[in-house]
Each structure stands twice: as structure tokens, then as C-alpha cells.
Q: 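Questions regarding the structure given below will be posed in turn.
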Amino acid sequence: MSGIRGEGNAMPGGDQEPGRYYVGVDVGTGSVRAALVDQRGILLAFADQPINKWEPQFNHHEQSSEDIWAACCVVTKKVVQGIDSNQIRGLGFDATCSLVVLDEQFRPIPVNHEGDSHRNIIMWLDHRAVSQVHRINQTQHSVLQYVGGVMSVEMQAPKLLWLKENLRETCWDKAGHFFDLPDFLSWKATGVTARSLCSLVCKWTYSAEKGWDDSFWKMIGLEDLVADNYRKIGNQVLPPGASLGNGLTPEAAQDLGLPAGIAVAASLIDAHAGGLGVIGTDVRGHGLACEGQPVTSRLAVICGTSSCHMGISKDPIFVPGVWGPYFSAMVPGFWLNEGGQSVTGKLIDHMVQGHVAFPELQAKATARCQSVYAYLNSHLDLIKKAQPVGFLTVDLHVWPDFHGNRSPLADLTLKGMLLLPLCPVEWLEVVSPCLCNFYIYIRHEELCFPSPSPGRWEGVTGLKLSQDLDDLAILYLATVQAIAFGTRFIIEAMEAAGHSISTLFLCGGLSKNPLFVQMHADITGMPVVLSQEVESVLVGAAILGACASGDFTSVQEAMARMSKVGKVVFPRLEDKRYYDKKYQVFLKLVEHQKEYAAIMKGD
């Protein structure tokens with residue numbers, strides 16, 4: 001069965017027997033995407049639609065469930081144009097782990113001081129609940145051992161507590177339903193309020209074996225959720241891929257442009273859908289160490305706005321600073337550990353777009369009909385001379401935690417760092433606009449300058465303004481390397497706790513960048529597998545729909561049938577010593593940052 005790819009195009013070709021198709025819908029941070037996928041895991045059509053975001057104040061990030069559902073309807077209608085509706089068998093959703101708030105009648109209610117009920121979602125990256133998560137972690141309750149020992153502000157319990165403490169009358173008292181965004185979408189499609197085991201286990205402290213822990217919610221001041229028998233946050237829980245109710249309701253079918261009654265699956269968080277889409281890939285014949293090894297030797301890295309590192313095990317493994325172990329949260333029957341790096345894709349954009357040479361870069365990339373990153377990659381090849389590209393950063397090192405460290409340090413207070421040489425071309429004035437909250441560390445003199453505010457560098461004198469595109473390209477390279485070093489840091493923490501990892505499986509937007517992929521291979525020393533279908537998150541969502549339809553006997557069977565190797569990138573082992581040395585510097589950066597913080601807090 002063949003298909004024509006394109007924005008909203010999908011037409012079966014030839015005279016072959018009609019195939020079976022599945023629709024996967026992925027709600028990311030900035031857009032909703034959909035794909036029509038066949039039984040082999042091949043994308044026949046793709047569409048995307050932007051969604052709105054609001055930031056009413058610093059660290060407050062909000063969205064609208066009505067806006068997101070409308071975008072879902074736009075993209076699903078596009079991808080099934082020209083397809084016989086009888087061939088569409090199932091629908092699967094994945095989404096960011098954002099918090100959706102509805103009243104008793106399932107109407108949106110505000111999560112903001114402005115009282116705007118249209119903005120009824122607290123986004124996953126929202127950090128308003130820092131005080132609440134600190135108090136939750138001080139309880140040292142036993143449920144915290146399943147989130148690496150420290151709960152993240154990105155999880156739902158601190159957000160719920162913030163709503164109760166800050167919007168008691170306008171939100172908390174009126175709320176009838178709190179959904180993780182993936183579960184909101186499956187409810188909207190089916191009318192079934194059952195939650196996915198994935199979202200509840202990973203973000204809400206639910207246990208696949210024991211259920212909710214009453215003592216936790218009472219201890220943190222949310223005992224009213226217990227008194228209501230958890231009706232507001234979910235007391236019916238289903239594994240990902242399970243079929244919900246009677247399938248797609250007539251109303252939702254009309255909205256989405258899909259046949260009423262088709263199977264709708266219990267959902268996944270977006271990163272977990274990516275993991276599902278790649279981790280079970282058949283790797284025979286590619287010369288990989290993981291061939292013939294258990295699937296537990298693989299690490300799925302889903303790299304987009306943020307990066308998530310998904311490793312599975314047959315028995316629970318507790319990794320300090322890494323979320324989990326979560327039973328059956330991604331692959332049924334396996335325990336999941338999830339490491340993460342916040343806002344990695346956004347960090348690269350921030351560093352590049354904030355540089356004084358960005359307008360020049362943009363103009364040159366446009367003239368060549370290239371993306372700015374394709375242009376930067378080719379520019380790095382031009383300036384590398386005889387040595388490998390990675391060696392251009394011998395004197396430039398970045399610590400990438402603009403948004404705090406998610407794993408394995410689980411420290412919200414950490415900031416980014418830049419280690420510079422004392423060199424004739426000074427960098428600080430060039431990069432200062434994009435390095436607010438960065439620590440600038442000048443080698444040899446051991447001085448650390450916290451940036452007081454964007455563009456203010458009165459305490460740093462004698463610097464020159466460089467507008468060189470070379471400087472921007474090297475800063476971009478150092479940032480990409482820093483993210484790869486962060487991945488290595490997480491892998492080493494997981495291996496120290498008992499994981500045995502030999503191969504990386506990358507997907508997500510950043511995996512389309514050859515430099516990003518090669519740096520991950522070189523810096524971790526592991527081969528990187530890229531899927532035949534680059535939109536692996538959408539394949540994962542479609543796998544859910546395929547399982548719900550009954551066309552596959554298990555999630556594992558669907559994974560093996562619908563995931564295929566596209567390309568393997570091997571590490572350049574001759575560069576290992578160089579990256580080992582840079583990794584030592586990488587670890588020193590955070591040591592020094594902690595030392596500086598301790599000095600400033602001291603008497």
C-alpha cells in the first residue's frame with residue numbers, strides 16, 4: 001500500500017487490497033500535529049496547526065483547551081482527505097503533561113488571576129508552584145521515591161496546591177475535573193473520564209500496583225481530593241492503548257472529520273509516545289550492540305522543546321534525580337525511568353536568536369533557502385579547517401540549565417553557565433542579551449559574573465563587541481554539545497543505579513539536525529538510531545490507535561511491526577579523549593556554580 005505524503009494529502013494508490021489506517025494526534029508545546037499511519041508504520045499524510053500560549057507573568061505559562069481541541073479538529077480533517085472512512089480503524093492521542101481545569105459541567109475555568117476562563121491550562125513548563133513543590137519535597141513522603149526522590153515543579157500536585165492557595169474562589173472551589181492534557185483529549189473524543197495509567201503514574205503520584213496514597217494528599221493539604229474519592233483527578237485508570245468506551249462519539253466524529261465509533265485509545269504523554277514509537281524498532285542487520293540484547297539495553301531520547309530520556313527495565317530501578325520507576329507507564333510489563341533536560345530546543349533558539357550576528361545569519365540562510373541551523377552546520381564545516389568540527393569549542397564550554405536542572409541533579413535553582421578563555425576576541429557583550437541569569441566564568445582568572453539584567457554589564461570592562469558569524473556558529477556548537485553532555489550525565493546516573501545501556505534511539509525535532517545527532521553519538525560513545533519515519537511521536541500515537549482497534553494483539557507487537565530503522569549514526573571513537581576532557585570541564589562548571597552560590601549565601 002502506498003500513499004502520497006503532504007499537508008493534508010493521503011490517497012491510496014494501486015489496485016492492492018485496501019489497507020488499515022490509524023490517526024495519531026500529537027499536542028506539543030506550540031502546535032498540534034496529526035498523521036495518517038498504515039499498519040507498517042508509514043506516514044501517509046501529515047498536518048500541523050499552531051496553538052496559542054500566554055505568559056501573563058514570569059514563569060506563568062497558560063493555554064486554552066478549546067483552542068487546542070479546535071486545532072486537533074483542523075489537522076485530523078486534513079490528514080484523512082481522500083481516504084475511505086471504512087479504512088480508518090483507530091485514533092490515538094498524545095500531549096504535553098499540562099494541567100487542564102474544568103468545572104462540573106466540563107466548562108473551562110480560569111487558572112489565572114485575570115479570571116480569563118479561556119486560559120484554563122497550566123502548561124507543563126510553568127514554574128509558578130516553586131514554593132509548593134519545595135514544601136511537598138520537605139515532607140519526604142514515600143511516594144517521592146518514585147520520582148527520583150524529588151518531585152518536579154512540572155508535575156501536577158504542586159500546581160493543584162498552587163490553585164488551592166492562590167485561586168480558591170475563582171478556580172479551586174468551582175473545579176469539577178482536573179485532567180492531564182492527554183486525558184482531556186481522550187475524554188473529549190469519547191466522553192469517558194477514565195485516565196491513562198501513563199499520565200497518572202508519571203505526573204500525579206498514582207501507583208500501578210497500589211493506586212492513590214491517601215496519606216500523601218492529606219499531608220500536602222489536598223485532602224479534599226481524597227474525600228471526593230479522587231473523582232476530580234481520576235478513579236478509573238486504563239493502560240495506554242486500551243480501548244475507551246464505545247469509541248469516537250458522533251459529536252467528536254463530526255468535529256474531527258473521522259468515522260463515529262472508531263476505536264479511541266487511552267493516551268500517552270508526548271515524550272512517552274515518542275519512546276513507544278522508537279524503542280521497539282527491529283534492528284537486525286545494522287551491526288548494533290543492542291541486536292540480540294533485551295530491549296532494556298536501549299534508551300529512547302525524545303528531543304524537541306525539551307529532551308526526555310526513556311529507559312525501561314524488567315525490575316524497578318531507583319535512580320536519584322531521575323523520575324520513576326513507573327510500572328507499565330510506557331511499555332506494558334516494564335518499569336520506566338525518565339530523565340529529562342528542560343527547554344533544550346528552546347535553549348538553542350534562545351542562544352542563536354539572541355546573538356548580535358543573528359540578523360546576518362538569517363539573511364544568509366534565507367538567501368540560500370536554508371534553515372538557520374542548516375546554514376550554521378555548513379558554516380561550521382567551512383571554519384573547522386583540518387580538525388573535526390567539535391574541536392572548535394576547545395576553549396568554550398556551556399552548562400545548559402537555563403530552566404533549572406531536571407535530571408539527574410533535580411535542582412530548580414541552577415542556571416546556565418558559559419566558560420570562556422581570555423582571548424583577543426571577547427564574547428561577553430555579544431552574548432549578554434541572551435545570557436540573562438547566566439554565570440559567565442572566565443578561565444585563568446576564576447571570576448564569576450552573574451548577569452544583573454539583560455544588556456547590563458557595567459561591572460565587566462575592557463571588552464570588545466564582536467559581530468562575527470564565526471562566534472555565533474561556535475556558540476551554537478557549544479550549546480548543542482552541552483545538551484549532549486547533559487544526556488551523558490543522565491546515562492551515567494542511570495547506569496550507576498543498575499541500567500545497562502548500549503544504544504540511543506533519537507526522535508523529535510532536534511533529531512532532524514545532523515550536528516545534534518552526531519554530537520550525541522560522539523559524546524556518549526554510543527550509536528544513535530534514527531527511525532525510518534522521523535515523526536516517531538506520531539507513530540507512537542498511531543500505535544495506540546492500532547492497539548485499541550484490536551488489529552494487534554499487544555503494544556509490543558505493534559511496536560515491532562510499526563517501527564523501522566532509517567539511519568544509524570556511529571560515534572567517532574578517535575575523538576573520545578577530547579570529549580572526555582570536555583565532559584570533565586562540564587562537570588566542573590556545576591561544581592563551581594554551587595560553590596559560588598554557597599559563598600553568596602554565607603555570612
Side-chain angles (χ1 to χ4, degrees), residues 26 92-99 124 143-149 151-152 154-157 179-183 185-186 194-213 216 233-234 236-242 244 265-280 295-296 298-302 306-319 321-340 406-407 490 494 497-499 505 507 536-537 540-541 543-544 547-548 554-556 558-559:
D26 164 52
F93 291 99
D94 73 77
T96 63
C97 49
S98 300
L99 178 66
W124 65 270
V143 299
L144 299 180
Q145 68 180 311
Y146 288 91
V147 291
M151 179 171 285
S152 168
E154 296 174 11
M155 295 179 178
Q156 307 301 12
F179 283 103
D180 220 79
L181 181 53
D183 293 324
L185 297 170
S186 61
R195 301 327 200 257
S196 167
L197 184 67
C198 174
S199 55
L200 289 197
V201 166
C202 295
K203 305 300 175 185
W204 297 72
T205 75
Y206 186 85
S207 166
E209 298 172 305
K210 301 174 184 177
W212 295 112
D213 188 317
F216 170 72
I233 62 174
Q236 182 187 1
V237 187
L238 294 173
L244 291 169
S267 59
L268 280 170
I269 298 167
D270 54 349
H272 301 63
L276 196 71
V278 297
I279 205 166
V295 70
T296 53
R298 307 175 179 195
L299 185 76
V301 184
I302 300 85
S306 286
S307 295
C308 297
H309 307 71
M310 317 294 248
I312 59 176
S313 57
K314 286 300 292 182
D315 299 306
I317 298 176
F318 294 86
V319 186
V322 173
W323 298 342
Y326 304 131
F327 185 66
S328 288
M330 186 174 78
V331 181
F334 287 86
W335 293 84
L336 170 69
N337 281 111
E338 179 186 352
R406 189 189 296 174
S407 303
I490 291 167
M494 293 177 70
H499 283 275
F505 289 71
C507 67
S536 300
V537 175
I543 285 173
L544 296 175
C547 292
S554 66
V555 169
Q556 285 92 330
M559 286 165 53

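Numbering of residues begins at 1 and proceeds along the displayed sequence.
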Q: How long is the span from the CG atom in Asp270 to the SG atom in Cys198, to the nearest 0.5 Å?
A: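 Rounded to the nearest 0.5 Å, the CG-SG separation comes to 9.5 Å.
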Q: Would you say Ser306 and Trp124 make side-chain contact, with heavy atoms under 4.5 Å?
A: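 Touching, per the 4.5 Å side-chain cut-off.
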Q: So, taking the atom named OG in Ser207 and the one named CG in Leu197, what distance separates them when rounded to the nearest 0.5 Å?
A: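 With rounding to 0.5 Å, OG (Ser207) is 9.0 Å from CG (Leu197).
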Q: How about Arg406 and Ser307: do any of their side-chain heavy atoms sit closer than 4.5 Å?
A: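 Answer no - side chains too far apart.
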Q: Is there side-chain contact between Val319 and Ile490, with heavy atoms separated by less than 4.5 Å?
A: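 The answer is no, as the side chains (C-beta and beyond) never meet within the 4.5 Å cut-off.
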Q: Could you tell me which non-hydrogen atom of Phe93 sits nearest to which non-hydrogen atom of Leu544, and how far apart they are?
A: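 Taking every non-hydrogen atom into account, O-CD1, 3.6 Å.
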Q: Between atom OH of Tyr206 and atom OG of Ser196, what is the distance when rounded to the nearest 0.5 Å?
A: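 Between atom OH of Tyr206 and atom OG of Ser196 there are 11.0 Å.
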Q: Hey, does Met151 have a side-chain heavy atom less than 4.5 Å from the side chain of Thr205?
A: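 Heavy-atom side-chain distance check passes, below 4.5 Å.
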Q: Only one of Gln156, Arg195, Lys203 passes side chain to side chain donor-acceptor pair (under 3.5 Å) with Asp180; say which it is.
A: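 Filter result, single survivor: Gln156.
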Q: Sequence neighbours excluded and cut-off under 3.5 Å, please list the side-chain donor-acceptor pairs for residues 327-338, or say none.
A:
residue : atom : partner : partner atom : Å
Ser328  : OG   : Gly333  : N            : 2.9
Asn337  : OD1  : His499  : NE2          : 2.8
Asn337  : ND2  : Ile317  : O            : 3.2
Asn337  : ND2  : Trp323  : O            : 3.3
Glu338  : OE1  : His272  : NE2          : 3.3

Q: My understanding is that only residues two or more places apart in sequence, or in another chain, count here; which of them pass side-chain hydrogen bond (donor to acceptor under 3.5 Å, both in side chains) with Asp26?
A: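 Partners of Asp26 by the side-chain hydrogen bond (donor to acceptor under 3.5 Å, both in side chains) criterion, ordered by chain and then number, come out as Arg33.
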Q: Which atoms form the tightest heavy-atom contact between Leu200 and Ile233, and what is the distance?
A: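 In terms of heavy atoms, the two residues are closest at CD2-O, 3.8 Å.
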Q: Hey, what do you get for CG (Leu99) to CD (Glu154), rounding to the nearest 0.5 Å?
A: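 CD of Glu154 is found 13.5 Å from CG of Leu99.
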Q: For the atom pair OG1 (Thr296) and CG (Asp315), what is the distance rounded to the nearest 0.5 Å?
A: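 These two atoms lie 10.0 Å from each other.
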Q: Counting C-beta onward and ignoring hydrogens, is there a side-chain heavy-atom pair between Cys507 and Ile302 closer than 4.5 Å?
A: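 Yes, their side chains come closer than 4.5 Å.
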Q: Could I get the full list of ring-ring contact (aromatic ring centres under 6.0 Å, His included) partners for Tyr326, not counting sequence neighbours?
A: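 With neighbours one apart ignored, the set is empty.
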Q: Flag the pair Leu268 / Pro182 as yes when at least one side-chain heavy-atom distance between them is below 4.5 Å, and no otherwise.
A: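 SC-SC contact between Leu268 and Pro182 ruled out.
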